[in-house]
Trainee: 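Before I ask anything, let me first share the structure, which is written out below as structure tokens.
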Amino acid sequence: MDTTIENMINSIDLSAPVPEYEPMRQYYYLKACRKIVKEKSEALNRPLTAVVSTFGCQMNARDSEKLLGILKDIGYQESDDEENADFVIYNTCTVRENANLRVYGRLGQLKKVKRANGEMIIAMCGCMMQEPEVVEKIKTSYKFVDIVFGTFNIFKLAELMYMCFTGDEQVIDIWDSTKEVVEELPTSRKYPFKSGVNIMFGCNNFCTYCIVPYVRGREKSREPKEIIREIERLVSDGVKEVMLLGQNVNSYGKTLDDNVTFAELLREIAKIDGLERIRFMTPHPKDLSDELIEAIRDNSKICNHIHLPLQSGSSRLLKLMNRQYTKEHYLELVDKIRNTIPDISITTDIIVGFPGETEEDFEDTLDVVRKAKYDSAYTFIYSKRTGTPAAKMDGQVSEDIVKDRFNRLLATVSEVSHEHIKRYEGMDMDVLVEDIDDHDNTFVTGRMTNNILVHFKGDKELIGSIVNVHLDECKGFYYMGTKND
Ligand code: SAH
Ligand code: SF4
Ligand code: F3S
């Protein structure tokens with residue numbers, strides 16, 4: 001725990017009125033909740049446990065680390081045993097309908113558990129909670145949920161928990177935009193050696209299929225000095241790799257008074273001593289600059305990987321999607337990137353079955369997949385999101401056709417990526433070791449700078465360090481290797 005935060009919390013007098021301004025207000029509630037949790041834990045003669053469940057993207061996962069930081073600070077122990085936990089929070093996602101359905105499925109299960117354990121506190125937050133009809137449904141049909149909040153006020157968790165501990169109403173607090181950003185709060189990282197870092201929040205692009213701008217609000221960049229300070233702290237705490245997070249990192253800086261570009265930010269971050277790797281997600285093809293490509297080329301700390309979402313290879317559909325680039329522009333961009341940084345890895349996101357997609361449009365997508373030679377691609381079936389322009393478009397594609405196209409896309413992606421990933425076979429590469437291998441505990445798993453996974457013989461002592469590995473054999477989308485001495 002940061003000693004300055006701890007000192008501030010210590011200085012708070014709980015018998016005084018609640019401070020009006022942040023972050024002192026949250027420090028007050030952290031202290032008040034610590035007291036309540038301690039009393040409950042003493043009464044039960046065991047520590048209280050909390051489960052934070054993440055349903056969404058990396059930004060959602062970063063939010064979960066902030067939630068867990070608060071929960072640990074007030075005295076909960078982290079657990080993954082949902083059935084026996086004292087506090088369960090679902091950090092939800094609504095980007096596609098199945099993300100949404102998964103949440104309701106799990107919530108149904110949790111209802112049964114709560115019947116047996118009435119003391120359990122259940123909270124819901126994240127992107128789904130920014131949809132008014134979801135909150136309405138929770139109010140009427142899921143009354144056993146104790147706390148509901150959204151994406152703009154996660155920093156208030158301690159205050160909301162205090163309200164829950166001291167009242168008997170469902171606590172619901174949803175904001176419709178960022179009113180203030182409260183940064184100086186505890187966080188609990190999943191990995192000691194790597195961390196996500198928000199560089200901006202929200203999105204202004206309004207791709208016609210996408211619900212994110214509606215649930216995450218307008219684009220807002222964080223000040224470069226705040227970002228640098230956060231990364232410096234992370235590095236002094238053992239972090240070697242950061243993932244800079246934003247829905248469209250290329251437009252970083254546009255909302256700031258000093259016009260800083262994303263490439264300039266990257267160059268500044270790369271100067272931080274002790275930081276070894278920088279990743280970022282997601283750049284939008286429409287405004288990926290030469291300056292950015294050059295920054296990646298010139299800086300060995302910036303990883304050799306660009307995730308460049310295509311969505312569709314058809315210029316006609318890209319226009320309907322409001323992506324603001326064409327098939328030709330995208331392919332030119334890929335060429336430019338590969339010509340400037342020959343050993344870069346390019347990955348992508350693709351949607352199949354956008355309204356009005358014809359066989360010809362789909363063939364264009366397959367054509368780009370073959371030409372762009374992705375190392376991997378996340379493929380999604382189009383999901384209609386109420387409130388987005390695409391939901392009202394004509395020509396929703398039938399399920400059979402979508403499934404057929406989806407399978408053909410998968411086959412093409414794996415053929416292309418397998419062929420392309422093989423190019424590293426026989427090379428020696430640096431690998432940041434992340435974990436013990438799931439299948440064999442005499443092996444470890446790590447990532448190369450291009451984000452490709454490598455498994456090799458090793459033990460847990462290696463976790464968090466960068467080691468040089470010989471790539472023996474490509475197994476499709478990952479490698480088997482041998483550690484070099
Ligand atoms: N900001 C990022 C994407 C965030 S959402 C970007 O612009 O690339 C992650 C991915 O989910 C998107 O790239 C898209 O492929 C997919 N996605 C978003 N909305 C979707 C929908 N309605 N149906 C299917 N996939 C969708
Ligand atoms: Fe969604 Fe488009 Fe924004 Fe990405 S850029 S979050 S796909 S609206
Ligand atoms: Fe992420 Fe899902 Fe929200 S993809 S931004 S958690 S809708």
Side-chain angles (χ1 to χ4, degrees), residues 53-64 67 90-103 124-131 134 150-152 154 178 196 198-220 244-252 254 280-288 306-313 317-318 320-325 330 346-355 357 365 369 374 376-393 396-397 402 405-406 409 413:
S53 234
T54 305
F55 288 77
C57 61
Q58 263 121 337
M59 267 172 252
N60 201 239
R62 181 65 181 150
D63 287 348
S64 289
L67 296 167
Y90 285 175
N91 191 7
T92 63
C93 170
T94 187
V95 76
R96 286 169 292 273
E97 195 185 6
N98 52 13
N100 220 287
L101 295 175
R102 244 168 11 104
V103 171
M124 308 269 293
C125 66
C127 294
M128 254 174 94
M129 302 307 120
Q130 293 298 141
E131 298 180 276
V134 171
T151 55
F152 302 107
I154 56 165
T178 311
N198 300 105
I199 62 164
M200 55 207 296
F201 302 97
C203 181
N204 285 353
N205 288 305
F206 290 95
C207 304
T208 56
Y209 50 82
C210 185
I211 200 161
V212 171
Y214 305 88
V215 294
R216 287 271 171 179
R218 292 296 59 74
E219 188 178 291
K220 192 170 192 313
L244 309 177
L245 299 170
Q247 294 297 355
N248 173 13
V249 292
N250 295 334
S251 57
Y252 173 78
K254 289 191 180 148
F280 56 87
M281 226 172 137
T282 311
H284 193 302
K286 80 175 157 77
D287 40 25
L288 193 136
I306 289 197
H307 184 69
L308 197 63
L310 169 68
Q311 313 303 0
S312 168
L317 280 198
L318 286 168
L320 288 173
M321 288 175 163
N322 189 29
R323 290 289 289 180
Q324 302 184 36
Y325 54 86
Y330 185 95
I346 304 180
T347 58
T348 201
D349 290 349
I350 299 170
I351 299 176
V352 181
F354 183 81
E357 184 187 72
T365 300
V369 170
Y374 296 115
S376 68
Y378 293 97
T379 49
F380 305 107
I381 289 182
Y382 166 73
S383 171
K384 186 170 163 176
R385 308 314 290 132
T386 310
T388 61
K392 294 199 201 79
M393 286 182 188
Q396 305 281 334
V397 186
V402 174
R405 285 183 192 157
F406 186 74
L409 175 65
V413 165

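Please read all numbers here as calculations on a predicted model, not as lab measurements. First listed ligand is number 1; within each ligand, the first listed atom is number 1.
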Trainee: Taking only heavy atoms of Arg385 into account, list the atoms of ligand 1 that are under 4.0 Å away from them.
Mentor: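 That gives atoms 22 (N) of ligand 1.
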
Trainee: If you measure from each non-hydrogen atom of Arg216 to ligand 3, which part falls under 4.0 Å: side chain, backbone, both or neither?
Mentor: side chain

Trainee: Of the side chain and backbone of Val212, name the one, both, or neither that has a heavy atom under 4.0 Å from an atom of ligand 2.
Mentor: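 Side chain only.
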
Trainee: With heavy-atom distances below 4.0 Å as the criterion, list the atoms of ligand 1 near Arg323.
Mentor: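 Checking each atom against Arg323, I get 7 (O).
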
Trainee: Specify the protein heavy atom at minimum distance from atom 8 (O) of ligand 1: its residue, its atom name, and the distance to 0.1 Å.
Mentor: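 Ranked first by proximity to atom 8 (O) of ligand 1 is Pro309 CG, 2.9 Å.
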
Trainee: Can you tell me how far the CZ atom of Arg323 sits from the SG atom of Cys207, to the nearest 0.5 Å?
Mentor: 4.5 Å

Trainee: Going by atom types only, do Thr54 and Asn60 share a side-chain donor-acceptor pair under 3.5 Å?
Mentor: no

Trainee: So which heavy atom in the protein is nearest atom 16 (C) of ligand 1, and how far is it from that ligand atom?
Mentor: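 I find the closest protein heavy atom is Arg96 NH1, 3.2 Å.
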
Trainee: What protein heavy atom sits nearest atom 3 (Fe) of ligand 2, and how far away is it?
Mentor: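 That would be Cys203 SG, 2.3 Å.
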
Trainee: Side chain or backbone of Phe206 under 4.0 Å from ligand 2, or both, or neither, by non-hydrogen atoms?
Mentor: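 Backbone only.
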
Trainee: Do we get Arg96 above Phe380's six-membered ring, with its NZ or CZ under 6.0 Å from the centre and within 45° of the axis?
Mentor: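 Yes, cation above the ring, under 6.0 Å and within 45°.
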
Trainee: Among all protein heavy atoms, pick out the one at the shortest distance from atom 14 (C) of ligand 1; state its residue, atom name and that distance to 0.1 Å.
Mentor: Gln311 OE1, 3.4 Å

Trainee: Would you check whether Met128 reaches within less than 4.0 Å of ligand 3, judged by its heavy atoms?
Mentor: no

Trainee: Would you tell me which option among Asn100, Thr94, Ile211 has the nearest heavy-atom contact to atom 7 (S) of ligand 3?
Mentor: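 Nearest heavy atom to atom 7 (S) of ligand 3 lies in Thr94.
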
Trainee: Donor-acceptor pair, distance only, cut-off 3.5 Å: does the side chain of Thr92 make one with the backbone of Met128?
Mentor: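 Yes, the answer is positive, given that a donor and an acceptor are paired below the 3.5 Å cut-off.
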
Trainee: Heavy atom under 4.0 Å from ligand 2: found in Cys207's side chain, backbone, both, or neither?
Mentor: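 The answer is both.
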
Trainee: Considering non-hydrogen atoms of the protein only, which is the closest contact for atom 6 (S) of ligand 2, and what is the distance?
Mentor: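 That would be Gln247 OE1, 3.5 Å.
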
Trainee: Quick test: of every protein heavy atom, which one is nearest to atom 1 (Fe) of ligand 2, and how far off is it to 0.1 Å?
Mentor: Cys210 SG, 2.3 Å

Trainee: Would you mind telling me if ligand 3 is within reach of the side chain of Cys57, the backbone, both or neither, using heavy atoms under 4.0 Å?
Mentor: both

Trainee: Could you name the option among Ala99, Gly56, Cys93 that has the heavy atom nearest to atom 2 (Fe) of ligand 3?
Mentor: Cys93

Trainee: At less than 2.8 Å, would any N/O/S atom of Cys127, backbone or side chain, sit next to atom 2 (Fe) of ligand 3?
Mentor: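 Within the cut-off used here (under 2.8 Å), Cys127 places no N, O or S atom near atom 2 (Fe) of ligand 3.
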
Trainee: Pick one of side chain, backbone, both or neither for how Pro309 approaches ligand 2, counting any non-hydrogen atom pair under 4.0 Å.
Mentor: neither

Trainee: Considering heavy atoms of the protein only, find what lies nearest to atom 22 (N) of ligand 1 and give residue, atom and distance to 0.1 Å.
Mentor: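 Among all protein heavy atoms, the one nearest atom 22 (N) of ligand 1 is Ser383 O, 2.8 Å.
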
